[in-house]
Amino acid sequence: MFVSIRGRVLLNVEALNMTESVGNYVKHRRVPVILPDGGYTTYFVPAISGESVAHGFQVVLAEVAKSKGLPVCKLCEKGIFLKSTNKSVFKSAFGTEVPNNEFEVEKKIVSDCVVEDVGGFLYAEEMNVKRTSNFFTGYMIPAKEALDNVVIEPQLHSRYALGTQFAREQGQMIYYVELSSAVYTFSFDFDSKFIGKTTFSYENAGKEVVNNRKQRIQATLDAITKFLIEFCFGAKKTRFMPIVEWESLVIAVSNDTWTVPSPFTEKYIENAQKKLEKVKYDTKLFVFPRDGSFEEVVINAMDEAKRRL
Ligand SMILES: [Zn+2]
């Protein structure tokens with residue numbers, strides 16, 4: 001079962017993905033994007049990285065999996081996604097020594113941590129074991145029509161009040177945080193094919209190593225529901241919580257890989273319907289706002305995905 005999600009979300013006054021700070025100046029992430037406008041013009045625009053989106057999703061996944069009594073390792077359950085990087089991380093996460101062959105390493109990690117089963121890991125020691133993530137996401141960038149109008153603006157804030165000894169001793173602490181506002185694209189896919197199965201050593205690729213594969217996929221779908229409805233990603237939300245309004249969303253549920261076309265283009269919903277006329281793997285589309293409220297569309301799509309398990 002394959003779930004593909006594409007959307008457009010209006011984010012006002014957001015600081016969801018910051019990069020370095022230079023002194024007291026905190027910068028918003030920027031990426032180069034090409035706009036076809038007769039020729040091709042490159043713009044440097046605010047963006048939210050796929051790593052940021054993936055981190056948020058895995059925090060929700062860890063919580064949902066734990067609440068359903070599914071295993072999550074000691075690091076992932078705290079939102080520390082070191083993902084079995086090396087021997088010492090492996091020991092801290094699972095409380096045991098590292099097995100001595102690739103299949104057993106992947107089997108142990110997959111069985112004992114749903115986050116790494118779904119989100120992949122890279123064990124890099126003398127022996128390397130890699131598991132590719134079963135969910136896919138990427139940079140959120142301003143939508144095509146918004147691209148040449150997007151700005152990033154530094155906002156001034158101060159920490160110490162004038163008239164207090166602290167301001168007299170240190171001066172008034174001022175700092176700048178870059179904010180932006182734009183309609184952003186959103187992309188997220190999930191493929192359930194390898195959940196609970198090993199993939200790395202070719203002799204054992206596709207071998208089921210858990211006895212609760214279905215519950216793991218259900219937990220992932222529940223995590224997607226919460227993640228989308230509660231907008232569970234991005235940084236600086238304690239004081240820079242953005243004003244969030246989903247403009248549109250398409251979720252495709254299929255029996256094989258079927259991705260919704262790029263939401264960079266305004267016509268993406270129409271493009272998805274055109275694609276569906278030509279190619280489908282028992283594909284069903286759920287479209288917001290066409291098919292109901294945002295919550296209804298997400299819940300109905302995930303229920304359809306669950307029916308296919
Ligand atoms: Zn883990």
Side-chain angles (χ1 to χ4, degrees), residues 1-3 49-137 188-228 230 232-233 302 305-306 309:
M1 182 266 301
F2 193 96
V3 174
S49 74
E51 296 285 6
S52 168
V53 177
H55 180 89
F57 174 67
Q58 290 175 114
V59 170
V60 180
L61 178 61
E63 283 168 9
V64 172
K66 285 277 287 177
S67 74
K68 290 173 179 288
L70 293 167
V72 179
C73 81
K74 287 197 189 100
L75 293 172
C76 289
E77 73 174 17
K78 296 194 171 64
I80 300 165
F81 302 121
L82 291 175
K83 305 284 200 75
S84 308
T85 325
N86 55 35
K87 272 184 196 155
S88 102
V89 170
F90 185 101
K91 275 188 217 166
S92 305
F94 300 104
T96 58
E97 292 299 320
V98 182
N100 57 13
N101 74 66
E102 293 160 349
F103 169 64
E104 290 297 332
V105 171
E106 190 180 11
K107 184 181 166 190
K108 173 72 182 168
I109 299 172
V110 165
S111 320
D112 288 9
C113 185
V114 167
V115 174
E116 287 169 80
D117 179 8
V118 176
F121 63 83
L122 176 63
Y123 177 74
E125 283 277 5
E126 306 87 64
M127 177 171 59
N128 290 305
V129 184
K130 182 188 97 163
R131 180 175 177 81
T132 301
S133 174
N134 291 294
F135 75 86
F136 313 83
T137 186
F188 189 101
D189 291 342
F190 167 61
D191 189 350
S192 71
K193 201 184 328 175
F194 292 115
I195 301 301
K197 297 177 180 178
T198 52
T199 57
F200 186 70
S201 76
Y202 85 99
E203 302 91 334
N204 294 299
K207 189 184 263 187
E208 195 166 326
V209 292
V210 300
N211 54 17
N212 51 9
R213 194 176 121 79
K214 199 173 160 183
Q215 288 95 302
R216 285 170 180 241
I217 299 169
Q218 280 168 342
T220 308
L221 297 170
D222 287 344
I224 293 173
T225 306
K226 185 173 177 198
F227 170 73
L228 286 174
E230 301 305 335
C232 299
F233 61 91
M302 295 307 127
K306 283 179 193 171
L309 294 178

How would you list, by chain and number, every residue that makes a side chain to side chain contact (heavy atoms under 4.5 Å, CB included) with Asn128, sequence neighbours excluded? Ala124
If the condition is side-chain hydrogen bond (donor to acceptor under 3.5 Å, both in side chains), which residues does Ser92 pass it with, not counting sequence neighbours? none
Minimum heavy-atom distance Cys113-Cys73, with the two atoms named: SG-N, 3.4 Å
Would you give the length of the straight line joining atom SG of Cys232 to atom CG of Leu61, rounded to the nearest 0.5 angstrom? 12.0 Å
Enumerate the residue pairs fulfilling salt bridge (charged side-chain N to carboxylate O under 4.0 Å, His left out) with a member in residues 200-209, sequence neighbours excluded, ordered by first and then second residue. none
Report the residues that fulfil side chain to side chain contact (heavy atoms under 4.5 Å, CB included) with Gln218, sequence neighbours left out, ordered by chain and then residue number. Lys214, Gln215, Lys306, Leu309
CD/Glu51 to CZ/Phe233 distance, rounded to the nearest 0.5 angstrom? 14.0 Å
Can you pull out every ring-ring contact (aromatic ring centres under 6.0 Å, His included) where at least one residue sits in residues 73-113? Sequence neighbours excluded, please. His55-Phe81, Phe90-Phe94
So side-chain hydrogen bond (donor to acceptor under 3.5 Å, both in side chains) across residues 109-118, not counting sequence neighbours, yields Ser84-Glu116, Lys108-Asp112, Asp117-Arg131, Asp117-Arg216
Under 3.5 Å donor-acceptor, Thr137 side chain and Ala54 backbone: no
Can you sort out the partners of Lys193 under side chain to side chain contact (heavy atoms under 4.5 Å, CB included), two or more places apart, ordered by chain and number? Asp191
Could you tell me if Glu106 and Ser201 have a donor-acceptor pair between their side chains, going purely by distance under 3.5 Å? no
Determine yes or no for a side-chain-to-main-chain donor-acceptor pair under 3.5 angstrom, with Thr198 supplying the side chain and Asn204 the backbone. yes
Is there a side-chain contact between Asn212 and Lys68 in this structure, where contact means two heavy atoms from C-beta onward sitting under 4.5 Å apart? no
Once you round to the nearest 0.5 Å, how far does CG of Leu122 lie from OG1 of Thr132? 9.5 Å
What do you reckon, is NZ of Lys107 surrounded by more than 12 foreign heavy atoms closer than 6.0 Å? no
Pairs satisfying ring-ring contact (aromatic ring centres under 6.0 Å, His included), at least one member in residues 113-137, at least two apart: Phe57-Phe135, Phe135-Phe188
Test item: Lys197 and Thr199 side chains (from C-beta on) under 4.5 Å apart, heavy atoms: no
For Glu63, check side-chain hydrogen bond (donor to acceptor under 3.5 Å, both in side chains) against everything at least two apart and list the hits. Lys226
Any Asn134 side-chain heavy atom under 4.5 Å of Ser192 side chain: no
Please identify each residue that fulfils salt bridge (charged side-chain N to carboxylate O under 4.0 Å, His left out) with Glu230, with sequence neighbours left out. none
Closest non-hydrogen contact found for Gly120 with Lys83 is O-NZ, 3.0 Å
Heavy-atom closest pair, residues Leu70 and Ala219: CD1-CB, 3.7 Å
Sequence neighbours excluded, which residues qualify as side-chain hydrogen bond (donor to acceptor under 3.5 Å, both in side chains) partners of Lys78? none
All side chain to side chain contact (heavy atoms under 4.5 Å, CB included) counterparts of Leu82, not counting sequence neighbours: Leu75, Ile80, Thr85, Val89
Closest non-hydrogen atom pair between Gly196 and Val110, with its separation: CA-CG1, 3.9 Å
